[in-house]
Amino acid sequence: MKNIALHLLDLIENSVKAGASEVRIRFALKEPSALVFLVTDNGPGFPDAIGDPFHPFNTDRKERRVGLGLSLLHCACRAVDGICTAKNGKNGGVEVYAEFNLHHIDMKPPGDIVGVLEEVCVMYPEINLTVKIDNSDAAFSGEEIRKEIGRACFCEPSTLRFIHKQLKELLDPLMTKADEAFRCAPRILQPTSDWRKKHERP
Amino acid sequence: MKLGKLATLLNLNPLTMPQGWQDYEVSGGFCGDLLSDVLAKGTPGSVWFTVQSHINTVAVAVLKDFSAVVVVNEVSVDHDAFERAELEGLPLFSSEHTSYDLCVKLGKEGDL
């Protein structure tokens, strides 16, 4: 997967396929350079028989023997000295936690997380999506927006614009910082002397 | 081998065309998508075949003094990566072929 936003989309789709009606996502930036998210749902959780959920051959899929979504997320985290855990929550459902070191050279770009969450709202109107940022009271709640507009569908252009604005206002400050930290990765490396000669300006 | 000749041979789509890019000298090649590995093993003057197409790809190519970057497998290039490559004078190409196919052709018909 090309960026973190696509990993997030994959996680949400797992929850939808498992029959969850609520998906909650919390984002945070941890000093000095970690992008963190926690995805929880109210689905049935991992079946007990599945064992290690990150093992690519452990899957409850019927159509094939391999499930790669969580394994790839785990690889992406591990590649950047991050942390990834997946377990059943105390009150049921799954809890997937991922922490990425944005300053690591093998870090993927964060990607268009706002865009992915908007798509989720449109593609899965039956899901109540909640998005929160750590240390902030602001939140995005699909359920509240639905109450406000008085119908289940988010397809109206005006509703879409409203959702876009809400998500953008909520996530932009955090994502701007994350993008900036991601771009910094190569600068933290020591450039070779040739490179210095060629590129350093007096 | 000159970069212009290599680009014609492999039928690459040029995305950035810094002045005189056709005459850039290519001394070797490198295939890899893990940036840390490319940093460790890449040699200056190489043309780099990869599916990575974000801004840090450009930074690694500049850092390693690569002659060019070829984004393979029809992968789209991030806009900020394209802009930075242009600014850095880094020739950036795209191709619908795989790294393997391009390198086979380069090995058979190129003079590297």
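Model, not experiment: these values are computed from the prediction. Note on naming: letters A, B, ... go to the chains in the order of the sequence lines (proteins, then strands), and numbering restarts at 1 for each one.
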Taking side chain as C-beta onward, heavy atoms only, is L35(B) less than 4.5 Å from M107(A)? no
Heavy atoms of other groups near E109(B) CD, more than 12 under 6.0 Å: yes
Backbone N/O of A185(A) and side chain of N56(B): donor-acceptor pair under 3.5 Å: no
CG (D106(A)) and CD (Q52(B)) are apart, to the nearest 0.5 Å, by 8.0 Å
Need one label for V51(B): side chain, backbone, both or neither, based on atoms under 4.5 Å from any heavy atom in chain A. neither
For atom CD of E96(B), decide whether the heavy atoms of other residues, nucleotides or ligands shown that lie under 6.0 angstrom number more than 12. yes
So which part of S76(B) gets closer than 4.5 Å to some heavy atom of chain A, the side chain, the backbone, both or neither? both
Contact origin within D33(B) toward chain A - heavy atom pairs under 4.5 Å: neither
Flag if over 12 foreign heavy atoms under 6.0 Å of NZ, K2(B): yes
So with a 6.0 Å cut-off around CZ of R24(A), is the heavy-atom count from everything else above 12? yes
If you draw a 6.0 Å radius around CD in E143(A), do more than 12 non-hydrogen atoms from other residues or ligands fall strictly inside? no
Is there a side-chain contact between D78(B) and K2(A), using heavy atoms and a 4.5 Å cut-off? yes
Quick one: NE2 on H54(B) to CZ on R183(A), what's the gap to the nearest 0.5 Å? 11.5 Å
